[in-house]
Undergrad: 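Here it is, the structure, as structure tokens.
Just so we're clear, the structure is a prediction, and the values are computed from it rather than from any experiment. Each chain gets a letter, A, B and so on, in the order its sequence line appears, and its residues count up from 1.
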2 protein chains.
Amino acid sequence: MRSDTNRPDTVATQAPDQHESVRLGSLEHYLAFHLRMAQCASFKAFKRRSGDCSLKPGWFALLSLIGDNPGITPMALSRASGRDKSTLTPVLRELAANCMIERQELKGDKRSYTLSLTAKGKCELAVLATHAIQHDREIEEIAGSDKDVLLDLLRRITAQFD
Amino acid sequence: MRSDTNRPDTVATQAPDQHESVRLGSLEHYLAFHLRMAQCASFKAFKRRSGDCSLKPGWFALLSLIGDNPGITPMALSRASGRDKSTLTPVLRELAANCMIERQELKGDKRSYTLSLTAKGKCELAVLATHAIQHDREIEEIAGSDKDVLLDLLRRITAQFD
DNA sequence: TATTGTTATACTCTATAACTATA
DNA sequence: TATAGTTATAGAGTATAACAATA
């Protein structure tokens, strides 16, 4: 979506014809709509930036959680990431197949197992994290002195609707 | 995801066992991560709130754009919403099948056609909009006096990565 | 040649329900 | 009975590429 500072209520289209601009209309003033647009644009940019990585950008949060909580179980990971346990199975399988994570016996409960990053996983995560930091720096620059306000607001929105 | 004001670096899990809390770790300070969490939580809440509507919550933006731009073409709608034209086809087909939108000949270009809401479409959109307004009010309350700052930041993030 | 809309296809993310092994 | 993890399945949401009709 393109923004037009002279006409903040419209979006320029790519072909300048009779449909050159579209009124965002009532959408323009919804916080939730702009939250969606901003997240979508940010995630697409992160995907573009990290496209050459061996780790998929959508897995960054999961990998980070494992890296920061070695020995975490799939269930704990499911709860921490807010995703159903069934969505983790294929991801963990592929990560294990690519030697990014290791599974080990969980003493005291044979139903479960623990997860941790391999040396390769740590290395690849570090590469992806570099892109993530650069990406986040771009958002920080936009926010400027309002960075902490933005972070606090986003945390409170998440907590509110949880 | 649950927040714990006493331990902002952790997430409580639902079963209080030895895995009670998980360190968010490096994730904690990424603006992009919290943008994603906030959007996800907000959208889920909007879906919950509008679950009894005949219009799907994900279609609100599209319907609003048609309502505010009667006579818009699918291509213009595609550009305005930032989605590929091919993703619009099934949505517009279902909306037309449910008598929410009307398609009319576009004079001067037989390849395309114009879109507008039917009376029923306007009515159902109004119901959905009521939920959207209530939902947005919740976010406004969180933001308080920072509402305008937040809106401006989100717009600039969208524009930056566009 | 370029553009509009459609179709075919596929990938990501996500969820629910049923299943198994274990607790 | 309840829980951990897996499997099967499904549904949004999105994208690319190829196509027919038209410009």
Side-chain angles (χ1 to χ4, degrees), chain A residues 1 13-20 36-37 39-41 43-48 50-51 55-62 71-97 101 103-115, chain B residues 1 13-20 36-37 39-41 43-44 46-48 50-51 55-62 72-97 101 103-115:
Chain A
M1 187 168 292
T13 58
Q14 280 154 353
D17 56 12
Q18 73 264 36
H19 300 295
E20 185 175 355
R36 194 163 151 79
M37 289 291 107
Q39 198 282 315
C40 189
F43 194 60
K44 276 182 192 166
F46 180 51
K47 275 200 279 198
R48 275 198 301 272
S50 60
L55 291 172
K56 297 186 189 175
W59 297 356
F60 179 63
L62 233 41
I72 193 173
T73 62
M75 269 310 292
L77 193 57
S78 160
R79 289 191 278 255
S81 62
R83 304 215 231 132
D84 191 86
K85 58 193 163 89
S86 71
T87 68
L88 260 41
T89 303
V91 181
L92 296 178
R93 178 167 35 211
E94 190 169 337
L95 285 171
I101 60 169
R103 315 189 204 211
Q104 284 183 303
E105 276 186 18
L106 176 60
K107 307 288 182 190
D109 193 340
K110 287 184 179 172
R111 295 172 304 178
S112 187
Y113 55 82
T114 66
L115 294 163
Chain B
M1 188 165 292
T13 58
Q14 280 153 354
D17 57 12
Q18 73 265 35
H19 300 294
E20 186 176 353
R36 193 162 153 80
M37 291 290 105
Q39 197 283 314
C40 188
F43 194 61
K44 276 183 191 166
F46 180 51
K47 275 200 278 197
R48 275 198 301 273
S50 61
L55 291 172
K56 298 187 189 175
W59 296 355
F60 179 64
L62 233 41
I72 192 173
T73 62
M75 267 312 291
L77 193 56
S78 158
R79 289 189 278 254
S81 62
R83 304 216 231 132
D84 191 87
K85 57 194 165 85
S86 71
T87 69
L88 261 41
T89 304
V91 181
L92 295 178
R93 177 165 36 209
E94 191 170 335
L95 285 171
I101 59 169
R103 315 187 204 212
Q104 285 183 303
E105 274 186 19
L106 176 60
K107 308 286 182 193
D109 192 341
K110 287 185 180 172
R111 295 171 305 176
S112 188
Y113 55 83
T114 67
L115 295 162

Undergrad: Rounded to whole Å, please give me the gap between OH in B:Tyr113 and P in C:dT4.
TA: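 That distance rounds to 13 Å.
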Undergrad: Rounded to the nearest 0.5 Å, what separates atom CG in B:Leu115 from atom CG in B:Leu92?
TA: 5.5 Å
Undergrad: Answer yes or no: does a side-chain N or O of B:Thr89 lie under 4.0 Å from OP1 or OP2 of C:dT6?
TA: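 Checking B:Thr89 against C:dT6: at least one side-chain N or O falls below 4.0 Å of OP1 or OP2.
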Undergrad: Provide, to the nearest angstrom, the distance between the CD atom belonging to B:Glu94 and the P atom belonging to D:dG11.
TA: 12 Å
Undergrad: With sequence neighbours excluded, what pairs up with A:Arg48 under the salt bridge (Lys or Arg N to Asp or Glu O under 4.0 Å) test?
TA: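 A:Arg48 satisfies salt bridge (Lys or Arg N to Asp or Glu O under 4.0 Å) with no residue once adjacent residues are dropped.
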Undergrad: Starting from C1' on C:dT6, measure out to CG on B:Leu92 and report it in whole angstrom.
TA: 11 Å
Undergrad: Among D:dA12, C:dT12, C:dC13, which nucleotide sits nearest the side chain of B:Lys56?
TA: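 So the nucleotide nearest the side chain must be D:dA12.
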Undergrad: State whether B:Arg103 places a side-chain N or O below 4.0 Å from either non-bridging phosphate oxygen (OP1 or OP2) of C:dT6.
TA: yes
Undergrad: How many whole angstroms separate atom CE of B:Met75 from atom P of C:dG5?
TA: 7 Å
Undergrad: Can you name the nearest heavy-atom pair linking A:Trp59 to A:Leu95, along with the distance?
TA: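 Residues A:Trp59 and A:Leu95, closest heavy atoms: CE3-CD2, 3.5 Å.
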Undergrad: Would one find a side-chain N or O of B:Trp59 under 4.0 angstrom from OP1 or OP2 of D:dG13?
TA: yes
Undergrad: Can you see which heavy atom on B:Lys85 is nearest to which on B:Ser78, and at what distance?
TA: N-OG, 3.3 Å
Undergrad: Please give, in whole Å, the distance from C:dT4 C1' to B:Glu105 CD?
TA: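 Computing the B:Glu105:CD to C:dT4:C1' distance gives 15 Å.
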Undergrad: List for me each residue that meets salt bridge (Lys or Arg N to Asp or Glu O under 4.0 Å) alongside A:Asp84, sequence neighbours excluded, and say none if there are none.
TA: none
Undergrad: For B:Leu77 and C:dT3, what is the distance between atoms CG and P respectively, to the nearest whole Å?
TA: 19 Å
Undergrad: Nearest 0.5 Å, what's the CZ-CZ distance between A:Phe46 and B:Arg36?
TA: 9.5 Å
Undergrad: What string of B, S and - do you get for nucleotides 14-23 of chain C 5' to 3' if you count protein non-hydrogen atoms under 4.0 Å?
TA: BBBB---BBS
Undergrad: For the atom pair CD (A:Glu94) and CD1 (A:Ile101), what is the distance rounded to the nearest 0.5 Å?
TA: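 Rounded to the nearest 0.5 Å, the CD-CD1 separation comes to 10.5 Å.
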Undergrad: What is the separation between atom CZ on B:Arg93 and atom P on C:dT6, rounded to the nearest whole Å?
TA: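 In whole Å, C:dT6 P and B:Arg93 CZ are 8 Å from each other.
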Undergrad: How many whole angstroms separate atom CG of B:Leu88 from atom P of C:dT6?
TA: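 It works out to 9 Å between those atoms.
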